[in-house]
Amino acid sequence: MFECIRSLLYRLPLVEHLGIQLLIGLLISLACLGVFAAIADEVREQELLVRIDTEVANELHAQATPSSIQFYRLVSWIGMEGLWIMGGGLGLYFLLRRQWLHLAIWIAALIGGTLLNNVLKLIFARARPVFADPFVIERNFSFPSGHAMMSLIGFGLLTYFAWSLLRTSIGRIILVFAALMLILLVGISRMTLGVHYLSDVVAGFAAGGVWLAVCLTALNTIQRRKRAGDPAAQEQTGLAEAP
C-alpha cells in the first residue's frame with residue numbers, strides 16, 4: 001500500500017519536479033510558518049490568546065512545588081545548556097568521522113536557529129511574565145521561547161540522525177517517543193518556571209519546526225543529488241566522507 005501511494009505521488013508533476021523530500025519539507029515549513037504567524041498576530045493584537053497566556057501562567061506558578069521547580073530547572077538546563085554540550089560532542093564526532101555534510105547541517109541548525117530566535121525576540125520585544133516571587137529571572141525578551149525552539153531543532157535533528165542507526169521498529173518508536181516527551185517537557189518547564197507564556201512556547205515550537213524542516217530538506221536534497229552522481233553535490237558533501 002505504501003509503495004503504491006509513493007508511486008502515485010512520484011507521478012504528480014510537482015513531486016516529479018521538486019522531489020518528494022523537498023515537497024514534504026516545503027509543506028511542513030508552510031504549516032509551521034502559518035501557526036507562528038497566527039500566534040504572532042494574536043500576541044501583537046493582545047487578543048484572546050494573551051488572556052489565556054496570563055491565566056495559564058498564573059495557574060502554573062500557583063501549582064508549582066519545590067520538587068517540581070527543581071525538576072523543571074534540570075529539564076530547562078537540558079533544553080539549552082545540555083543541548084549545546086551535546087551539540088559540541090556530536091559536532092566533534094562528525095568532524096573526526098569526516099562527515100562534512102552532517103557537520104555542516106548540524107552547525108547550521110544550531111547556530112542558525114539561535115540567530116533566528118534572537119532576531120524574532122528583537123522584532124516582537126515581548127516582556128516576560130512577572131511574578132512577585134519569581135522562580136527564575138531572565139533578562140531578554142520572551143517571544144518566542146528559545147528553549148522550545150532550540151530543543152525541537154536540536155533533539156529533532158538528533159532523532160533524525162539516530163533513526164538510521166536503529167534497525168527495529170520498536171527501537172525507533174521508543175526513540176521518537178522519548179524525543180517528543182523531552183521536547184514537550186522543555187516547553188512545560190519554561191512555563192512552570194514562570195519565564196514564558198504558553199504562546200511563547202508554541203510559537204517557539206512552530207519557528208523551530210520551520211528551521212528544522214529547512215535543514216532536513218537541505219540535507220535530503222544534497223544527499224539525493226550526491227546519489228545521482230552530481231559532481232557539484234559530491235564536492236559539497238565531501239568525497240572523503242566516511243560511510
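One-based numbering along the sequence shown.
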- Task: Say whether, by atom type as modelled, one donor and one acceptor occur between the side chain of Asn117 and the main chain of Pro144 under 3.5 angstrom.
- Result: yes

- Query: Is there a donor-acceptor pair under 3.5 Å between the side chain of Asn58 and the backbone N or O of Thr54?
  - Reply: yes

- Query: Looking at CG of Leu110 and CH2 of Trp211, how far apart are the two atoms once the value is rounded to the nearest 0.5 Å?
  - Reply: 11.0 Å

- Task: Using atom types as modelled and distance alone, determine if a side-chain donor or acceptor of Ser76 lies under 3.5 Å from a backbone N or O of Tyr72.
- Result: no

- Query: How are the rings of Phe36 and Phe143 set to each other: parallel, tilted or perpendicular (split at 30° and 60°)?
  - Reply: tilted

- So, the side chain of Arg172 versus the backbone of Trp163: is there a donor-acceptor pair under 3.5 Å, distance only? yes

- Quick check: does any side chain N or O of Ser164 sit under 3.5 Å from a backbone N or O of Phe161, one acting as donor and the other as acceptor? yes

Distance-only donor-acceptor hits, side chain of residues 78-94, under 3.5 Å, sequence neighbours excluded:
none

- Task: With rounding to the nearest 0.5 Å, note down the distance linking CD1 in Ile105 to CG in Leu216.
- Result: 8.0 Å

- Item | Linked hydrophobic residues, Ile170 as query - side chain contacts closer than 4.5 Å | Ile174

- Query: Which class fits the ring pair His61 and Phe135: parallel under 30°, tilted 30 to 60°, perpendicular over 60°?
  - Reply: parallel

- By the rule that ILVMFWY residues connect when side-chain heavy atoms come within less than 4.5 angstrom, directly or transitively, which residues belong alongside Phe141? Leu122

- Query: Distance from Gln223 atom CD to Leu101 atom CG, nearest 0.5 Å?
  - Reply: 5.5 Å

- Query: CG/Asn220 to SG/Cys215 distance, rounded to the nearest 0.5 angstrom?
  - Reply: 11.5 Å

- Item | Side-chain donor/acceptor of Ser68 to backbone N/O of Ala64, under 3.5 Å | no

- Nearest 0.5 Å, what's the OH-CG distance between Tyr160 and Leu175? 13.0 Å

